[in-house]
Trainee: 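Below are the structure tokens for one structure; questions will follow.
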Number of protein chains: 2
Amino acid sequence: MTTRPVTTRPESTRPESTLAERKRRLVSGELTETALQLFVQQGFDAVTVDEIAAAAGMSKRTFFRYFASKEDVVVQFLADLGAGMRAELAARPPEESTATALQHAVRSCVDACAGHADKALRVVRLILGTPSLHARFLERQAQWRDDLAAELAIRLALPSPTALHPRLAAGLALTVFEVVLQLWSDGDGAEDPSALTARAFAAVAPALDAVGR
Amino acid sequence: MTTRPVTTRPESTRPESTLAERKRRLVSGELTETALQLFVQQGFDAVTVDEIAAAAGMSKRTFFRYFASKEDVVVQFLADLGAGMRAELAARPPEESTATALQHAVRSCVDACAGHADKALRVVRLILGTPSLHARFLERQAQWRDDLAAELAIRLALPSPTALHPRLAAGLALTVFEVVLQLWSDGDGAEDPSALTARAFAAVAPALDAVGR
DNA sequence: GCGAACTTGACACTTGGTGACACTAGGGGC
DNA sequence: GCCCCTAGTGTCACCAAGTGTCAAGTTCGC
């Protein structure tokens, strides 16, 4: 899309990447922040993209150069966690049980949320409370699930990447994730998400281990 | 907000209900059929609502009196299964284990799909292959999940309907459902969906029974 | 300073979706 | 027979989400 610097990872480099990149992130951040504020104030559906853009001091067209859809401004924030989740799973030692590895993967996400609890809580509640946002979020999750399943298939050295078991296990893990988010936002962040995750995984673990067999 | 296009209760009454109702179903069926045909031919995004309406011999406005959105024409077909799923769960004898009851509930859906395999397979593949459709479908599923969780909470005589366990169990059941649909459509309907469901539940059952405790 | 590459805004256009209003068909009640 | 009521429909106008295009402006490399 942009320049092709040949090397792989433009993100992972130092904060002082290109000036252009920093600018891009700045604008993007400004956009998300104003959008989020407006959404929380007036509700997702009551805010138009024009309003967001105007409030951020730019044109509608520019908004859509940064986000593929109105929903994306909100969902993106959580969506990035998905990539981290797969990476975390891949990084777990291979001798670890499926259940434990998945638990760590999910927990890394949950902890990331709990890290900026103030912002994350707003976002999560907005998503869970707005059908169209929830839909987009679930769509992303479906991609994560495929990713996780593929990673699990590798981990377990299964012949087919589309087998029943890895998909099931990935699905279970994401179900845990979703339920934990639900309870966390229902309880106004009072419940400790890490503890919730642990409890949920305790219940689900037997099924996950069955997958490993 | 004026008319209530979607949620009439056509199924529960006699087949020979009102003439008006039968007419409604006729038009609705005509609309879905032509829409489905066009979608399969040209892809969901390449077909406009105007085209569908024209092909079915009516106006765009009328289309939206029958379906809340373009996606609904496709999703509705599967969405009705959700209601049946909760009903099926509610009808299971209370002494039955959570796992068995849920398995029967899911199976009733799966069997309903396998029943009209020709149509269902088209629909399922369309949904799983089109992101926006998949998103809407998952949104519906999220509602089912809440319903199932509520039903489970009643079944298990839990104090809070928002507890961790019933939500988890409902999520697991729907994960099974989704994965079975995936494998079924991947395999061109060759795999027996009932058998798939049974296998999946066998793996998941330990977790579900942990819920019952 | 100059040109290339990238970013932005303005404008027009398509499409999903809704509201308002007028028209028709059928079903009683008289 | 007639009148009125209701549900369904078409037409038109309208809003908002996206997208393509082009003409600027900005930054970077040289």
Side-chain angles (χ1 to χ4, degrees), chain A residues 1-6 10 16-31 34-35 38-39 42-76 130-133 135-136 139, chain B residues 1-10 17-31 34-35 38-39 42-76 130-133 135-136 139:
Chain A
M1 192 68 77
T2 51
T3 51
R4 194 92 320 180
V6 182
E16 39 133 27
S17 25
T18 330
L19 178 131
E21 258 179 54
R22 275 180 296 164
K23 216 167 79 177
R24 248 193 106 70
R25 256 199 298 271
L26 188 79
V27 174
S28 161
E30 180 65 23
L31 235 21
T34 58
L38 289 177
F39 288 156
Q42 315 175 24
F44 181 79
D45 295 315
V47 180
T48 73
V49 176
D50 275 302
E51 285 172 332
I52 301 169
M58 43 192 87
S59 76
K60 184 182 74 165
R61 197 64 189 83
T62 298
F63 176 94
F64 283 110
R65 287 198 182 95
Y66 281 84
F67 300 98
S69 71
K70 186 180 159 190
E71 285 91 0
D72 260 30
V73 199
V74 185
V75 168
Q76 189 100 311
T130 310
S132 60
L133 280 175
R136 295 276 188 160
E139 190 187 341
Chain B
M1 216 33 95
T2 49
T3 50
R4 178 107 327 159
V6 182
T7 44
T8 42
R9 201 158 312 253
S17 27
T18 329
L19 177 130
E21 261 180 52
R22 275 180 297 166
K23 216 166 78 179
R24 242 192 112 70
R25 256 199 301 269
L26 189 79
V27 175
S28 161
E30 180 66 22
L31 235 21
T34 57
L38 289 177
F39 289 155
Q42 315 175 23
F44 180 79
D45 296 315
V47 180
T48 73
V49 177
D50 275 303
E51 285 172 332
I52 301 169
M58 42 192 88
S59 77
K60 184 181 76 162
R61 197 65 188 83
T62 298
F63 176 94
F64 283 110
R65 289 199 180 95
Y66 281 85
F67 301 99
S69 71
K70 186 180 160 190
E71 285 92 0
D72 261 30
V73 199
V74 185
V75 167
Q76 187 99 317
T130 311
S132 60
L133 280 175
R136 293 278 188 159
E139 192 186 341

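Here is how names work: the chains are called A, B, and so on, in the same order as the sequence lines, proteins then strands, and each is numbered from 1.
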Trainee: Checking side chain to side chain contact (heavy atoms under 4.5 Å, CB included) for the pair Glu139(A)/Val75(A): CA distance, chi angles, key distance, verdict?
Mentor: CA-CA 10 Å; Glu139(A) 190 187 341; Val75(A) 168; over 6 Å; no

Trainee: Taking only the side-chain nitrogens and oxygens of Tyr66(B), find out if one of them lies under 4.0 Å from OP1 or OP2 of dG8(D).
Mentor: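 No, because none of the side-chain N or O atoms of Tyr66(B) sits under 4.0 Å from OP1 or OP2 of dG8(D).
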
Trainee: Which heavy-atom pair separates Leu38(B) from Ile52(B) by the least distance, and what is that distance?
Mentor: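 Answer, listing the atom of Leu38(B) first, then Ile52(B): CD1-CA, 4.0 Å.
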
Trainee: Taking side chain as C-beta onward, heavy atoms only, is Glu71(A) less than 4.5 Å from Thr130(A)?
Mentor: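 No, their side chains stay 4.5 Å or more apart.
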
Trainee: Could you run down nucleotides 11-21 of chain D 5' to 3' and tag each one B, S or - for protein heavy-atom contact under 4.0 Å?
Mentor: B----SSBBBB

Trainee: Specify the separation, in whole Å, of atom CG of Leu26(A) and atom P of dT8(C).
Mentor: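 One finds 11 Å between P of dT8(C) and CG of Leu26(A), rounded.
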
Trainee: Could you tell me how far apart Lys23(A) (NZ) and dC28(D) (C1') are, to the nearest whole angstrom?
Mentor: 11 Å

Trainee: Answer yes or no for Lys70(A) and Phe39(A): cation-pi contact, defined as NZ/CZ to six-membered ring centre under 6.0 Å and angle to ring axis within 45°.
Mentor: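 That pair does not qualify as a cation-pi contact.
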
Trainee: dG17(C) C1' sits how many Å from Asp72(B) CG, rounded?
Mentor: 12 Å

Trainee: Distance check needed: dT18(C) C1' versus Phe63(B) CZ, whole Å only.
Mentor: 14 Å

Trainee: Where is the tightest heavy-atom contact between Ser69(A) and Phe64(A), given as atom of each residue plus distance?
Mentor: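 Closest pair (atom of Ser69(A), atom of Phe64(A), distance): CA-CE2, 4.2 Å.
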
Trainee: Please give, in whole Å, the distance from dC28(D) C1' to Arg22(A) CZ?
Mentor: 14 Å

Trainee: Apply side chain to side chain contact (heavy atoms under 4.5 Å, CB included) to residues Val74(B) and Arg136(B) and explain how you reach the verdict.
Mentor: CA-CA 10 Å; Val74(B) 185; Arg136(B) 293 278 188 159; over 6 Å; no

